[in-house]
Amino acid sequence: MISTQNWADTRRLWEYHQMGHTPRPCSVAIGLGSHDLGVADTAAELYGRGMAPLIVFTGATSPTTRESMPRGEAVHYRERALELGVPSSAVLVEPRARNTGENIRFSQELLEEAGVGVSSVLLISKPYEERRAYATARKLWPEVEIVSASSPMTLNEYVDSIGDARTVIDMLVGALQRLLVYPEQGFLISQSVPADVIEAYERLCQAGFTSRLLTTDAPSS
């Protein structure tokens, strides 16, 4: 059973995870690989609005995408973007990255090899990963301005799209934990976390929404 307090705490985390940036024209858009094809949809939509002349899709496969995206997340994202009208010449694919840090580093390397000058990045992720993606990019690519973007969805809409409320709450809790512990490990910049967000996170942990929490031997971001 998910209580009224659980939902209130989840909404607070959802709000915090989103950066609230207004999309604006950038040197390049980078779509971070995941199970969510909405990232590719958003990249295509923003490209169509003239927010970036070039899109990089980055991502290999993971346990959650091995069956649904067997050719790799970035490849499937590219195919989706082309279906939505983005020209092939406007898409680069980075197929090796297996975590957020590699998404950023490998995309940076790909753009350098392609001779693309980058002063700003429209960084597109799942809605609840905006802040972590932003903090990772600011750590690894500090000279570039980062503008965060994701599919414009409410929490309820996202839960409906996933079809499993408990899984969504677990993901939000896990994402918040990483924002708290990864700065000490050098994976992302430290950010201020309001006290009410910490309290909501702790209540959700106590309520058992812990399947996405890191173990002691945590992988990199």
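For the pair Ile162 and His35, the tightest heavy-atom approach, listed with the atom from each and the gap, is CD1-NE2, 3.6 Å. For the pair Arg105 and Leu140, the tightest heavy-atom approach, listed with the atom from each and the gap, is CG-CD1, 3.9 Å. Scanning all heavy atoms of the two residues, the minimum distance from Ala200 to Leu13 falls at CB-CD1, 3.6 Å. Considering every non-hydrogen atom in both Ile146 and Ala137, the closest pair reads CD1-CB, 3.8 Å. Shortest non-hydrogen contact noted between Cys26 and Val147 is SG-CG2, 3.8 Å. When all heavy atoms of Pro23 and Leu46 are compared, the pair lying nearest together is CB-CD2, 3.9 Å.
Using modelled atom types and a 3.5 Å distance limit, the side chains of Glu73 and Thr65 yield a donor-acceptor pair. Looking only at atom types and distance, the side chain of Ser107 has no donor-acceptor partner in the side chain of Glu94 under 3.5 Å away. Tyr182 and Thr100 are not linked by any side-chain donor-acceptor pair at a separation below 3.5 angstrom, with hydrogens and angles left out of the test. There is a side-chain donor-acceptor pair under 3.5 Å between Ser3 and Asn6. There is no side-chain donor-acceptor pair under 3.5 Å between Ser125 and Ser150. Side-chain contact check for Ser27 and Ser119: at least one donor-acceptor pair (N or O, by modelled atom type) lies under 3.5 Å.
Under the 3.5 Å distance criterion, the side-chain polar atoms of Thr154 are matched with a main-chain donor or acceptor of Glu157. A donor-acceptor pair is defined here as one N or O able to donate and one able to accept, closer than 3.5 Å; no such pair exists between the side chain of Arg212 and the backbone of Leu172. A distance-only check finds no donor-acceptor pair linking the side chain of Gln18 to the backbone of Glu130 [under 3.5 Å]. No donor-acceptor pair closer than 3.5 Å links the side chain of Ser151 to the backbone N or O of Met153. Put simply, the side chain of Glu45 never gets that close to the backbone of Asp41: no donor and acceptor are under 3.5 Å apart.
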| request: Assess whether side chain to side chain contact (heavy atoms under 4.5 Å, CB included) is satisfied between Lys139 and Phe187, documenting all intermediate values. | output: CA-CA 7 Å; Lys139 178 69 176 183; Phe187 297 142; over 6 Å; no
Quiz item: Under the salt bridge (charged side-chain N to carboxylate O under 4.0 Å, His left out) criterion, do Glu145 and Arg138 qualify, and how do the steps go?
Solution: CA-CA 8 Å; Glu145 182 178 1; Arg138 291 288 296 118; over 6 Å; no
Apply side chain to side chain donor-acceptor pair (under 3.5 Å) to residues Asn156 and Arg11 and explain how you reach the verdict. CA-CA 9 Å; Asn156 288 345; Arg11 287 193 174 85; 3.3 Å; yes
_Checking Gln191 against Arg131 for the side chain to side chain donor-acceptor pair (under 3.5 Å) test, could you report, in this order, the C-alpha distance in whole Å, the side-chain angles of both residues, the deciding distance, and whether it holds?_
CA-CA 9 Å; Gln191 297 177 92; Arg131 187 172 292 275; 3.1 Å; yes
ask   = Hey, mind stepping through Ser68 and His76 against side chain to side chain contact (heavy atoms under 4.5 Å, CB included) and telling me if it holds?
value = CA-CA 9 Å; Ser68 61; His76 283 265; over 6 Å; no
Self-check item: Ser88 and Leu82: CA distance, side-chain angles, deciding distance, side chain to side chain contact (heavy atoms under 4.5 Å, CB included) verdict
Solution: CA-CA 7 Å; Ser88 177; Leu82 267 55; 4.2 Å; yes
*Report the C-alpha separation of Val28 and Leu122 in whole Å, then their side-chain angles, then the decisive distance to 0.1 Å, and conclude whether the side chain to side chain contact (heavy atoms under 4.5 Å, CB included) test is met.*
CA-CA 6 Å; Val28 65; Leu122 188 58; over 6 Å; no
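No continuous path of hydrophobic side-chain contacts links Leu32 to Ile55 [ILVMFWY only; heavy atoms under 4.5 Å]. In the hydrophobic cluster analysis, where Ile, Leu, Val, Met, Phe, Trp and Tyr join through side-chain heavy atoms closer than 4.5 angstrom, Leu37 is grouped apart from Val159. Using a 4.5 Å cut-off between side-chain heavy atoms of Ile, Leu, Val, Met, Phe, Trp and Tyr, with links allowed through other members, Tyr128 and Leu213 fall into the same hydrophobic cluster. Both Val173 and Leu188 belong to a single network of hydrophobic side chains, linked directly or stepwise wherever heavy atoms of I, L, V, M, F, W or Y lie under 4.5 Å apart. Linking ILVMFWY side-chain heavy atoms closer than 4.5 Å, directly or via other members, places Val118 and Leu123 in a single hydrophobic cluster.
Between Tyr134 and His21, the ring-plane angle classifies as perpendicular under the 30° and 60° cut-offs.
Annotation: the span from Thr42 atom OG1 to Lys126 atom NZ amounts to 12.5 Å, rounded to 0.5 Å. Atom CG of Leu179 is separated from atom OG of Ser190 by 9.5 Å, given to the nearest 0.5 angstrom. The CZ atom of Arg96 sits 11.0 Å away from atom CG of Asn103, with the distance rounded to the nearest 0.5 Å. Separation of atoms OG (Ser148) and CD1 (Ile124) is listed at 10.0 Å; rounding is to 0.5 Å. To the nearest 0.5 Å, the span separating CE on Met69 from CD on Glu79 amounts to 10.0 Å. Here the CD-CZ distance, from Glu83 to Arg78, works out to 11.0 Å after rounding to the nearest 0.5 Å.
Exactly one of Leu180, Asp9, Val193 qualifies for a side-chain contact (heavy atoms from CB on, under 4.5 Å) with Tyr201. That residue is Leu180. For the pairing with Val197, the side-chain contact (heavy atoms from CB on, under 4.5 Å) check across His17, Arg12, Glu202 returns one residue only, Arg12. For the pairing with Phe57, the ring-ring contact (aromatic ring centres under 6.0 Å, His included) check across Tyr47, Phe106, Tyr77 returns one residue only, Tyr77.
Counting heavy atoms from C-beta on, the side chains of Leu111 and Val56 come closer than 4.5 Å. Side-chain contact between Trp141 and Ile30 is present, with heavy atoms from C-beta onward closer than 4.5 Å. Residues Trp7 and Leu155 form a side-chain contact, since some pair of their non-hydrogen atoms from C-beta on lies under 4.5 Å apart. Residues Arg24 and Ser120 form a side-chain contact, since some pair of their non-hydrogen atoms from C-beta on lies under 4.5 Å apart.
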